Amino acid sequence: LHECRALHIDYQTPGKRRQPRRIDPYHMINHRGDWYLIARCHRTEEIRVFAMSRITEAVATRSRFEIPEDFDPQHAFANSFGIFRGDETHQVQIRFTAKAAPYVRERTWKPGQQLKENRDGSIVLSMEVTDLREIASWTLSWGPQARVLSPDELAQHVAREHKIAARQYD
């Protein structure tokens with residue numbers, strides 16, 4: 001990373017075979033206790049995020065690269081709720097019950113978030129995100145204390161997951 005050398009890696013994605021890749025590593029980030037490598041993938045010609053735990057082999061090459069001047073790791077994740085990034089921005093609104101409100105209120109979950117207080121003690125958390133996967137998992141972790149108001153795609157996904165989970169207890 002510090003020497004700006006390209007790497008040959010074998011990358012193991014969940015449920016798939018190892019895939020050889022050649023990458024230019026730009027930056028490392030720790031997210032929720034796991035390390036991730038932000039790198040340009042030669043195969044896709046895109047800046048991708050690689051979980052370090054999924055790199056089964058890494059060999060430094062002699063080939064050097066330059067990190068583009070316009071690369072900014074903070075900007076790369078500006079509208080992410082976590083480590084996943086997407087191209088489309090979604091306006092997310094989640095209503096939390098009065099019971100959950102104090103816990104939601106005490107933290108900044110994402111820069112730029114907005115909270116709206118309701119008369120019944122519930123709150124609505126609003127934010128923009130570029131990928132719905134992590135916000136879906138996070139919302140599901142609140143169980144019946146959270147209800148997605150928008151976007152519909154996220155609300156339907158969370159509702160579907162709750163129904164599937166509930167059937168396991170019938």
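Small disclaimer: the values here were computed from a predicted structure and weren't measured.
- With rounding to the nearest 0.5 angstrom, the CE atom of M52 is 10.0 Å from the OH atom of Y11.
- In terms of modelled atom types and a separation under 3.5 Å, the side chain of Y26 and the main chain of D72 share no donor-acceptor contact.
- Atom CZ in R43 sits 12.0 Å away from atom CD1 in I23 (nearest 0.5 Å).
- For the atom pair CD of Q12 and CZ of R18, the computed distance is 7.0 Å after rounding to the nearest 0.5 Å.
- For CZ of R22, the number of neighbouring non-hydrogen atoms (other residues, nucleotides, ligands) closer than 6.0 Å is greater than 12.
- Inter-residue side-chain proximity for P151 and V92 is flagged as met; some heavy-atom pair is nearer than 4.5 Å.
- When every heavy atom of N118 is checked against every heavy atom of K116, the shortest pair comes out as OD1-NZ, 3.3 Å.
- Using a 4.5 Å heavy-atom threshold, the side chains of R105 and E117 count as touching.
- Side-chain contact between S126 and Q91 is present, with heavy atoms from C-beta onward closer than 4.5 Å.
- By the ring pair (Phe, Tyr, Trp, His ring centres under 6.0 Å) test, Y103 pairs with no residue at all, sequence neighbours left out.
- Cluster annotation: I55 and L1 are assigned to the same hydrophobic cluster (Ile/Leu/Val/Met/Phe/Trp/Tyr, side-chain heavy-atom contacts under 4.5 Å, transitive).
- For the atom pair CG (L7) and CZ (F65), the distance works out to 7.5 Å, reported to the nearest 0.5 Å.
- Side-chain contact between R54 and P14 is present, with at least one heavy-atom pair separated by less than 4.5 Å.
- Smallest separation of non-hydrogen atoms from D120 and S122: OD1-OG, 2.6 Å.
- Panel note: side chain Q113, backbone R107; a donor-acceptor pair is recorded below 3.5 Å.
- Scanning both residues, E134 and H31, for their nearest heavy atoms gives OE2-NE2, 3.4 Å.
- E46 and R40 are not joined by a salt bridge, as no carboxylate oxygen comes within less than 4.0 angstrom of a charged side-chain nitrogen.
- Here the closest heavy-atom approach between residue P144 and residue T97 is recorded as O-CG2, 4.0 Å.
- R17 CZ: 12 or fewer foreign heavy atoms inside a 6.0 Å radius.
- Among residues two or more places apart in sequence or in another chain, the side chain to side chain contact (heavy atoms under 4.5 Å, CB included) test is passed with W138 by F81, I94, F96, W109, L125, I135, S141, W142.
- With rounding to the nearest 0.5 angstrom, the CG atom of L115 is 8.5 Å from the CE atom of M127.
- With a 4.5 Å cut-off on side-chain heavy atoms, H90 and L132 count as touching.
- Listed by chain and residue number, P68 satisfy the side chain to side chain contact (heavy atoms under 4.5 Å, CB included) test with D70 (two or more places apart in sequence, or in another chain).
- When the options L37, I67, I38 are evaluated for a side-chain contact (heavy atoms from CB on, under 4.5 Å) with P25, the one that passes is L37.
- Here the straight-line distance linking atom OG of S63 with atom NE2 of H42 works out to 6.5 Å at 0.5 Å rounding.
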